[in-house]
Amino acid sequence: MAFAPMGPEASFFEVLDQHRASLVAALTGGSEKSPQEGTRSASGSEVLASIESIIQGVVQSLARNEAPAFSMENRSSWENIQFEDAVGLQMVSHCSTRKIRSDSPRSAQNFALILKILSMIYKLVQSNSYATKRDIYYTNSQLFGNQTVVDNIINDISCMLKVSRRSLHILSTSKGLIAGNLSYMEEDGRRVNCSGCLTAVAVPSNIQGLRNLITDAKFLLIVEKDATFQRLLDDNFCSKMSPCIMVTGKGVPDLNTRLLVRKLWDLFHIPPFTLVDADPHGIEIMCIYKYGSLSMSFEAHNLTVPAIRWLGLLPSDIKRLNIPKNSLIPLTKRDQMKLDSLLKRPYITCQPFWRKEMEIMADSKVKAEIQALTFLSSDYLSRVYLPNKLKCGGWI
């Protein structure tokens, strides 16, 4: 399937094409590599055998009159994280662990909930059926208390078994959207075309099951906020800048949106760019796409895309574009704490231009939302700002 060219002339994409060539050269040169540790796709029989081994360990402890306990890798400690520019944040090979004991008042309930969810996973895999995290929570919402408890336990089990969440037959509900020059076939054989530019397609819940992906996109624009994404759709940005793809995770991205961004990079090496607010929260969301997060570091090799570049909104753009002061927002104490935390992250060391932008924000003590560009003109973002940056290489 071919996409009809509707966007700028070929010369518009010269700098983008050069950028893509440099990214591909870096790949072939070996500067990006997959880590050896982390989760993997596993067969149903492997998952069942792993769960049976865990339960056998519980039974053996009871037979010795010992209180059973689970040993979990500590996913919340930076001491267990190592940073590689080509991978992002990933767990170290031999990290510290925490004990979840069945005889401790502090962890007995958690121990029981892990057993409960392990039994549910076992039944799902055995019957070759699937459930969402939300489905699991609602099987006994009073027992689990809240959705976060279920989410954390599923991540702990995935980390403990060293298998992907998909291999556990647990799906995440997608909240992300995608539009632009992309078509694909879902697992059930349904063909999806994302090229309708006035509407967006929901990110599929089974990214691994996608087949026959086709695109000729010159770039992938990852948009932080749904409101900005919808405005770009309304401005017909996909058509005007065709061929391209736009994705939004509607704030902090869900697992499926991150998996999709990674899949597009792996298959097509489309240069990915982020469009986020010039504030600490937006920068952190960009870092999640690019380098991953502390809590999901055990699955970094499936999720991170270090090739991502920061397209906007840059703190330096605020002064450069003379954005009116009444459209700027003072940094709160919480913003300043978040910014200080980001500046201490291990990946900022290898991003001097990012550090400079964050220091500009810290010195100015103000932040700006992407919507601040509308003070220049209602369509400034889609008509001037993004086209100029993409044509001239205005990313870092």
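- Contacts of Asp363 classified as side-chain contact (heavy atoms from CB on, under 4.5 Å), with partners at least two apart in sequence or in another chain: none.
- Partners of Asp156 under the salt bridge (Lys or Arg N to Asp or Glu O under 4.0 Å) rule, at least two apart in sequence or in another chain, are Arg75, Arg98.
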Stepwise side chain to side chain contact (heavy atoms under 4.5 Å, CB included) check, Leu168 with Val163:
CA-CA 7 Å; Leu168 301 177; Val163 299; 3.6 Å; yes
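- Using modelled atom types and a 3.5 Å distance limit, the side chains of Tyr291 and Asp85 yield a donor-acceptor pair.
- Within 6.0 Å of the CZ atom in Phe12, the count of heavy atoms belonging to other residues, nucleotides or ligands exceeds 12.
- No salt bridge links Asp254 with Lys175; every basic N to acidic carboxylate O contact stays at or beyond 4.0 Å.
- With a 4.5 Å cut-off on side-chain heavy atoms, Val192 and Glu186 count as touching.
- Side chains of His281 and Val276 form no contact here, defined as non-hydrogen atoms less than 4.5 Å apart.
- Counting all heavy atoms, side chain and backbone alike, Ala108 lies closest to Ser102 at CB-O, 3.6 Å.
- Shown here is Arg106, whose CZ atom has no more than 12 heavy atoms of other residues, nucleotides or ligands within 6.0 Å.
- A distance of 11.5 Å separates CG of Leu328 from NZ of Lys367, quoted to the nearest 0.5 Å.
- In this structure, the separation between CE on Met160 and CG on Leu118 is 5.0 Å, given to the nearest 0.5 Å.
- With sequence neighbours excluded, no residue forms a ring pair (Phe, Tyr, Trp, His ring centres under 6.0 Å) with Phe229.
- With sequence neighbours left out, Arg166 forms a salt bridge (Lys or Arg N to Asp or Glu O under 4.0 Å) with Glu187.
- Salt-bridge annotation for Lys225 and Asp277: present, with a side-chain N of the basic residue lying under 4.0 Å from a carboxylate O of the acidic one.
- Side-chain N or O atoms of Asn181 include one that pairs as donor or acceptor with a backbone N or O of Cys244 at under 3.5 Å.
- Of the possible donor and acceptor atoms, none in the side chain of Ser61 sits under 3.5 Å from a partner among the backbone N and O of Glu66.
- With sequence neighbours excluded, the residues forming a ring pair (Phe, Tyr, Trp, His ring centres under 6.0 Å) with Tyr130 are His169, listed by chain and number.
- By the neighbour-count criterion of 12 heavy atoms within 6.0 Å, atom NZ of Lys250 is densely surrounded, having more than that number from other residues, nucleotides or ligands.
- Between the side chain of Arg262 and the backbone N or O of Thr304 there is at least one donor-acceptor pair closer than 3.5 Å.
- Salt bridge annotation for Arg345-Glu284: present, with a cationic side-chain nitrogen under 4.0 angstrom from a carboxylate oxygen.
- Heavy-atom neighbours of Lys116 NZ from other residues, nucleotides or ligands within 6.0 Å: at or below the threshold of 12.
- A donor-acceptor pair under 3.5 Å links the side-chain atoms of Ser174 to the main chain of Val203, judged by distance alone.
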Derivation of the salt bridge (charged side-chain N to carboxylate O under 4.0 Å, His left out) call for Asp317 and Arg320:
CA-CA 5 Å; Asp317 290 334; Arg320 181 177 65 85; 2.9 Å; yes
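- With sequence neighbours left out, Ser45 forms a side-chain hydrogen bond (donor to acceptor under 3.5 Å, both in side chains) with Ser43.
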Hey, mind stepping through Asp235 and Arg231 against salt bridge (charged side-chain N to carboxylate O under 4.0 Å, His left out) and telling me if it holds?
CA-CA 6 Å; Asp235 289 349; Arg231 179 56 197 261; 3.2 Å; yes
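- Counting non-hydrogen atoms of neighbouring residues, nucleotides and ligands closer than 6.0 angstrom, the CD atom of Gln371 exceeds 12 such neighbours.
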